[in-house]
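Data block below; observations after.
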Number of protein chains: 2
Amino acid sequence: MGLRERKKERTRESVSATAIRLFLDKGFDQVSITEIAQAAEVSRRTLFAYFPSKEDLVLHRFADHEGEAARIVRARPAGQPPLEALRAALLDALARRDPNTGLCDDPEVMAFLRMVFETESLAARLTRYTARGTDALTEALREAGLDPLDARLVAAQVIVVQRELAVMNQEFLADGATAEEHHPKAVRAAERAFDLLRDGLRRHG
Amino acid sequence: MGLRERKKERTRESVSATAIRLFLDKGFDQVSITEIAQAAEVSRRTLFAYFPSKEDLVLHRFADHEGEAARIVRARPAGQPPLEALRAALLDALARRDPNTGLCDDPEVMAFLRMVFETESLAARLTRYTARGTDALTEALREAGLDPLDARLVAAQVIVVQRELAVMNQEFLADGATAEEHHPKAVRAAERAFDLLRDGLRRHG
DNA sequence: GTGCAGATTTGCACTCAGTTCCCTTTCTTA
DNA sequence: TAAGAAAGGGAACTGAGTGCAAATCTGCAC
């Protein structure tokens, strides 16, 4: 990795970190691109070379996790149903207090998620990011032998359920609970959600 | 309804219709607000008084249907499970070739949906619109006696499944099928989707 | 009819996101 | 070390959206 690459990586990281710091401080809509560029000591033009839009300064963090669900399905032990692999992965993520589960009470992480969910343009674009994750999961479920129609429906359901669970966890933490306190409840909710996916509403409702 | 109200309604309709005509003609991103305002013979400023953003010129059509699912659940016959009411409503909408099901082969409707799904900013914002529909359905499901957690999970699943079905129908029509030809397949897909919601993946997959 | 109060429309100037064009700096590599 | 490519920079531009004050229209009372 040459000097050029290293420098780019550092610049990219620095710009994003500067931006997020300012956003958390003053609110996403209250910070202009110009302000970020000045604080990060690059030109506006360079900033846009790294991040095609203001939203991407924030959301690129989610982009990395985009294909997570598909990866989990592909990497599951032989004989394990895809849904059980996804369930196990979610429970594991909850245990690790993975920020993506919404069950992480680090103040900075909470402020970050709060900003994303409450800023209209960020929330809208995040959903588009996750759409690509849904496509990837659909493909993985097909490889796992599901009927194409089922694969698509189940993928959409799994992704949307994971999102709802994360939002709910986040809400409880915002109401003052610690991750520690809320963990059992989060686990029960996750189990319930995957039970519903596996067994349907009839057997539970 | 006074003259003032009627005139406002007419202006609103005229502005939106003009905008959509131009969008379908040249593409959403290729038409400026200024151009729309001139064509509709109002000032830019007035246009923004009616529609707070460019996207709203298109998406206000969806806003009306936002609470549909919640309404259906509330209006269901006594004793009918909410899910069955939603299933029946969807089958009925398919039979009516309701544009919201994606099973309407009117060229203008198809061009409209195509534009919405393919324009990044429209698709993103549409998802936000439907989020409010999800909230309304959640509430209706709670009233119907579902556990709050289940209500939220099921609402999210129903809405996302309806959307996927509509997109799939739209894809088939875009590939040249007529609504007539595709209708049986659309019905089977809808039945399958609601079977999955009711019985879970285990009993089918 | 006339006039008045409040609602609506309009033009203008402004901010900010995002793009384009073009030039300078910096790194790579042969 | 020189040529060439990649990255950075600056200025000017387009287009969305907003704030403000002046102009216009409507509903209503007289």
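Since the structure is predicted, the reported quantities are computational estimates derived from the model, not experimental observations.
Of the two residues contacting DNA chain D, namely B/R4 and B/V31, the nearest-nucleotide position lying further toward the 5' end is that of B/V31.
In terms of polar N and O atoms assigned as donor or acceptor, the side chain of A/R44 comes within less than 3.5 Å of the base of C/dG18 in a complementary pairing. Counting distance only, with no hydrogens placed and no angle test, the side-chain atoms of A/R45 and the base atoms of C/dT20 include a donor-acceptor pair under 3.5 Å.
A cation-pi arrangement is present between A/R132 and A/Y129, with the terminal nitrogen or guanidinium carbon under 6.0 Å from the aromatic centre and inside a 45° cone about the axis. Under the 6.0 Å distance and 45° angle rule, B/R125 does not count as a cation-pi partner of B/F62.
Using a cutoff of 4.0 Å between basic side-chain nitrogens and carboxylate oxygens, B/E5 and B/K8 are not scored as salt-bridged. With salt bridges taken as basic N to acidic carboxylate O contacts below 4.0 Å, one links B/R152 and A/E171. With salt bridges taken as basic N to acidic carboxylate O contacts below 4.0 Å, one links A/E180 and A/R97.
At least one side-chain heavy atom of B/F28 sits less than 4.5 Å from a side-chain heavy atom of B/S121. In this structure, B/T130 and B/T127 have side chains that are in contact, with non-hydrogen atoms separated by less than 4.5 Å.
In this structure, the NZ atom of A/K54 is 16 Å from the P atom of C/dT15, given to the nearest Å. Look at CD on A/E5: it is 11 Å from C1' on C/dT28, rounded to the nearest Å. The interatomic distance linking B/F48 (CZ) with C/dC14 (P) rounds to 18 Å, in whole Å. Straight-line distance from the CZ atom of B/R6 to the C1' atom of C/dT8: 16 Å, rounded to whole Å. One can place NZ of B/K7 at 14 Å from C1' of C/dT10, the figure rounded to the nearest angstrom. When the P atom of C/dT26 is taken as reference, atom NZ of A/K8 falls 17 Å away, rounded to whole Å. As a whole-Å value, the separation of B/I33 CD1 from C/dG18 P is 16 Å.
Close to C/dT8, at under 4.0 Å from its OP1 or OP2, lies no side-chain N or O of B/Y50. Taking side-chain N and O atoms only, B/S43 has a distance below 4.0 Å to OP1 or OP2 of C/dT10.
Counting 5' to 3', DNA chain D first comes under 4.0 angstrom of a heavy atom of chain A and last does so at the ends given by D/dA5 to D/dG10.
At a threshold of 4.0 angstrom between heavy atoms, the contacts of B/F51 with the nucleic acid are absent.
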